Chemist: 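Have a look at the structure that comes next, please.
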Amino acid sequence: MTNSTNTPSTAADTPVRTRFAPSPTGFLHVGGARTALFNWLFARKHGGQFVVRIEDTDQVRSTAESAAGILSDLQWLGLDWDLGPVPGAGKNEYFQSMRLDIYRPYIDDLLNRGLAYEAWETPQQLAAMRMAAEKAKRPFRYRQNMPGRAPRGDGPCVIRFAIPWEEIRFVDEILGEIRVAGDEHDDIIIRKSDGFPTYHFAVVVDDHLMGITHVLRAQEHLMNTPKHLGLYAAFGWQPPRHAHMPLVFNMDNTKMSKRDKAKAARHALQLYARQKNDADFQKLAESLQPSAGVGSIPRVDSRAIGDFVAKKNDDTALAAVLAASIGVTLPEIDVHDFRRSGYLADALLNFISLIGWSPGENREILSRAEMLDLFSLQTIGKTSGRFDRKKLQWMNGEYIRRTSVDGLVAAVRSFLQVVEYPLADADDVILRQIIAMYQERMATLAEMAENSRFFFTEPKIDRSAGEKFIARNAGHAALVQIRDLLLSAALWNSESLSPIMEQIIALGEKRGAAAQALRVAVSGGAVSPPLLETLLLLGRDRTLARVDHALALFKADPPEPSQ
RNA sequence: GCCCUCAUCGUCUAGAGGCCUAGGACACGGGCUUUUCACGCCUGUAACUGGGGUUCGAAUCCCCAUGAGGGCACCA
């Protein structure tokens, strides 16, 4: 391994400058977030600059909403950029679609020097050529000198760059030396027939013009690098250093992608249909209507479901609607999904950083400052990792426990901006009490919001819990006693309720068993925060009303016939 | 099919030829604590893909096999 590559030799002369260059064709997903994080870390670590550039050269798939979403996700993660789009301000020069005039002269230059040429095949013709090559068991390579090229036509054409024939080699900062034979490449298209540059061309021109010193990207780009290097050579530019990071996969070793949502929804739908003993999705769609029509869930089109199930489309929005209709949660893939699931930005970032990177010293929970301190290209690994949600949950719980109540108030408020929960009704005083109760026992803010529902809305008592703890085992009688004990409280505060709580716990043969009846009555289920705190927050009136209601709902069992 | 990359517990990883009877974390099992659930604490199970070399000595270096992943678009 060449040692000279280990230290950024540019440090002395040129300041380090990295970039994150997403294409705005969807949400920011966790893989992209990790790429952004590593670039951010590297730039900050070396006192350099971090650039965000929107690669919207695909006119069909790029959307302004997607770009805005990606930027806001980056902001939520706290990855700030020095140069790039201004959130909420529309396109600027960091959107490639605004730079068409910049690319043009460079393409002309290549054309004039004979390093690029026009190609007139239609996409259909190219597909046919590929198929023919495959049939002949020969790899298809489009080169300028190949036989059978289409003659000059009169429609729009593409422009291809004549890739050099020599072997291209370079030193990757993570993988070491990479060499690829010259005949492995096509003459890549650098301008599409719509006049837009391709990614390959725009990325090279922009990285050069923007003074990018280090390109840190996912390993799926590894085979693009030789092509890009060919372009740098053609322009006589000094290429940036390249570092390709290992990929992130699902636990089942498949690539994490937005299609996973469609897959999961499809799977759930099939189970649902089997359960309903109805493979006819037309009917299924109709049966979904009552619940689907309510609130924000739009009507479900039965034909769309058919297409979806038949894998004719992977529409994530439809997947979300369908899953919501049948009460199934889709896997989190995008940063936004994790935000909606109640993960803290710092926890997500910390977890993501540990896939493919190790700070050493058995360190795991790291603040940003610590990450910055420990980060380097040398400590990035070569092996792809799997995204273990269980570990993320644990880590998020750790973060929740380590964050101050003030910090959590802010996090919960931010969380409630993207998801609806009755917890949103809580003022800061109430919210702080809720947080105090749940901080020790929750892994995500969503769990907190979900489990604390009964403080804000009347719970419907879980049937099996009610039968187990109130209707049986002398639970009903115990609850009557509990009611009297509560009634005896002089004041509804901690001081006067504590001894009463102690008596309630002591009730019956098994310590704490009777208290379960009270828990079920006030919270609706067998699990809640400690009762004393729960009752205090609920208040006297609501507590007693719920006890009365439970008492009425579950009449005492008739005495068991003796055996 | 062709090209490229990678290979340590189920998962994330430590390991830069002797510190390795392979360390940590998650998950899982057992125990303690306990008014439920958690949290916390203690504890256990669990890995160097296989085969050849090199070397006094290999998880660490080399080769082959196998496996996994990526790429082969007018997507990025």
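Quick note on labels: first sequence line is chain A, next is B, and so on, each numbered from 1. Keep in mind that the numbers below use all heavy atoms, side chains included, and drop hydrogens, waters and symmetry copies. Note that the structure is predicted; figures quoted are calculated from it, not measured.
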Chemist: Closer than 4.0 Å, any side-chain N/O of Lys390(A) to the OP1 or OP2 of C26(B)?
Modeler: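 Answer no for this pair, as no side-chain N or O of Lys390(A) is under 4.0 Å from OP1 or OP2.
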Chemist: May I ask you to say what Glu447(A) touches in the nucleic acid, namely base, sugar-phosphate or nothing, with a heavy-atom cut-off under 4.0 Å?
Modeler: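 Counting heavy atoms under 4.0 Å across all strands, no contact is made by Glu447(A).
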Chemist: Decide whether Glu55(A) and Ser23(A) meet the rule of one side-chain donor and one side-chain acceptor closer than 3.5 Å.
Modeler: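 No, because no side-chain N or O of Glu55(A) sits under 3.5 Å from a partner of the opposite role on Ser23(A).
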Chemist: Any donor and acceptor pair, going by atom type alone, linking the side chain of Arg34(A) with main-chain N or O of Ile355(A) inside 3.5 Å?
Modeler: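 Looks like yes, one N/O pair under 3.5 Å.
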Chemist: Roughly how far apart, to the nearest Å, are G30(B) and U21(B) at atom C1'?
Modeler: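 After rounding to an integer number of Å, I get 24 Å for this pair.
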Chemist: Given that both distances must come in under 3.5 Å, which nucleotide forms a Watson-Crick or G-U wobble pair with A65(B)?
Modeler: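 For A65(B), the partner nucleotide comes out as U49(B), under the 3.5 Å rule.
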Chemist: Between G69(B) and C9(B), how far apart are the P atoms? Round to whole Å, please.
Modeler: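 Per the computed distance, 16 Å lies between those P atoms.
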Chemist: If we take the P atom in both G17(B) and C62(B), what is their distance in whole Å?
Modeler: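 Per the computed distance, 12 Å lies between those P atoms.
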Chemist: Rounded to the nearest Å, what distance is computed from the CZ atom of residue Arg402(A) to the C1' atom of nucleotide C39(B)?
Modeler: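 My rounded result for the distance is 13 Å.
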Chemist: Which nucleotide wins on minimum distance to the side chain of Asp388(A), given the candidates G10(B), G24(B), A7(B)?
Modeler: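 Nucleotide nearest to Asp388(A)'s side chain: G10(B).
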Chemist: Sticking with atom P, work out how far A16(B) lies from A22(B), rounded to a whole angstrom.
Modeler: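 Per the computed distance, 15 Å lies between those P atoms.
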Chemist: Check whether any side-chain heavy atom of Trp81(A) sits under 4.5 Å from a side-chain heavy atom of Leu71(A), and report yes or no.
Modeler: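 The answer is yes; the side chains approach within 4.5 Å.
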Chemist: According to the Watson-Crick and G-U wobble definitions, with both distances under 3.5 Å, which nucleotide is paired to G44(B)?
Modeler: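 Paired with G44(B), as far as the under-3.5 Å criterion goes, is C28(B).
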Chemist: State the pairing partner of C9(B); accept Watson-Crick or G-U wobble contacts with both distances under 3.5 Å, and report none otherwise.
Modeler: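 Check on C9(B): unpaired, no WC or wobble geometry under 3.5 Å.
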Chemist: Kindly say if Arg441(A) contacts the phosphate of C37(B), meaning a side-chain N or O under 4.0 Å from OP1 or OP2.
Modeler: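 For Arg441(A), the contact criterion (side-chain N or O under 4.0 Å from OP1 or OP2 of C37(B)) is not met.
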Chemist: Is the shortest side-chain heavy-atom distance between Val30(A) and Asp334(A) below 4.5 Å?
Modeler: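 A side-chain contact under 4.5 Å is absent here.
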Chemist: Val180(A) side chain: which of C3(B), C26(B), C37(B) is closest?
Modeler: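 Minimum distance to the Val180(A) side chain belongs to C3(B).
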Chemist: Determine the interatomic distance between C1' on A25(B) and the same-named atom on C61(B); round to the nearest Å.
Modeler: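 Straight-line distance between the two C1' atoms is 30 Å.
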Chemist: Take the angle between the ring planes of Phe375(A) and Phe38(A) and call it parallel below 30°, perpendicular above 60°, tilted in between.
Modeler: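 Ring orientation, 0 to 90° scale: tilted.
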Chemist: Whole-Å distance between C26(B) P and Glu364(A) CD?
Modeler: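 In whole Å, C26(B) P lies 7 Å from Glu364(A) CD.
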Chemist: Starting at CH2 of Trp394(A) and ending at C1' of U11(B), how long is that distance when rounded to a whole Å?
Modeler: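 In whole Å, U11(B) C1' lies 13 Å from Trp394(A) CH2.
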Chemist: Return a single string for nucleotides 66-75 of chain B, one symbol per nucleotide in 5' to 3' order, where B is base contact, S is sugar-phosphate-only contact and - is none, cutoff 4.0 angstrom on heavy atoms.
Modeler: --SSBSSSBB
Chemist: If I pick the C1' atom on C19(B) and the same atom on G57(B), what distance separates them, to the nearest angstrom?
Modeler: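 Straight-line distance between the two C1' atoms is 14 Å.
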Chemist: If you look at every strand shown and take non-hydrogen atoms under 4.0 Å, does Arg401(A) touch a base, only sugar-phosphate, or nothing?
Modeler: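 Touches sugar-phosphate only.
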Chemist: Ile355(A) side chain: which of C26(B), C39(B), U13(B) is closest?
Modeler: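 Per side-chain heavy atoms of Ile355(A), the pick is U13(B).
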Chemist: Considering only atom C1', compute the distance from G29(B) to G10(B) and round it to an integer number of Å.
Modeler: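 Roughly 14 Å separates the two C1' atoms.
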Chemist: Rounded to the nearest 0.5 Å, how far does NZ of Lys192(A) lie from SG of Cys157(A)?
Modeler: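 One gets 15.0 Å once the value is rounded to the nearest 0.5 Å.
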Chemist: Could you check Glu55(A) against Lys137(A) and say which one's nearest nucleotide on RNA chain B is further toward the 5' end?
Modeler: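 That would be Lys137(A).
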Chemist: Check the side chains of Tyr438(A) and Asn451(A) for a donor-acceptor pair under 3.5 angstrom, ignoring hydrogens and angles.
Modeler: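 No, no side-chain donor-acceptor pair sits under 3.5 Å.
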Chemist: Who is the Watson-Crick or G-U wobble partner of A38(B), with both distances under 3.5 Å?
Modeler: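 None - no nucleotide pairs with A38(B), as no candidate has both distances under 3.5 Å.
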Chemist: Using heavy-atom distances to pick each residue's nearest nucleotide on RNA chain B, tell me which of Gly381(A) and Met251(A) is more 5'.
Modeler: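 Here Met251(A) is the residue nearer the 5' end.
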Chemist: For Ile174(A) and C4(B), give me the distance from atom CD1 to atom P, rounded to whole Å.
Modeler: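 That distance rounds to 20 Å.
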Chemist: Measure up the Tyr142(A) and Phe140(A) rings against each other and bin them: parallel (under 30°), tilted (30 to 60°), perpendicular (over 60°).
Modeler: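 Aromatic pair Tyr142(A)/Phe140(A) classed perpendicular.
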Chemist: Should A16(B) form a Watson-Crick or G-U wobble pair with both distances under 3.5 Å, which nucleotide is its partner?
Modeler: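 Pair assignment: A16(B) / none.
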Chemist: Going by heavy atoms in the side chains, are Ile70(A) and His29(A) under 4.5 Å from each other?
Modeler: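 Counting from C-beta outward, Ile70(A) and His29(A) never come under 4.5 Å.
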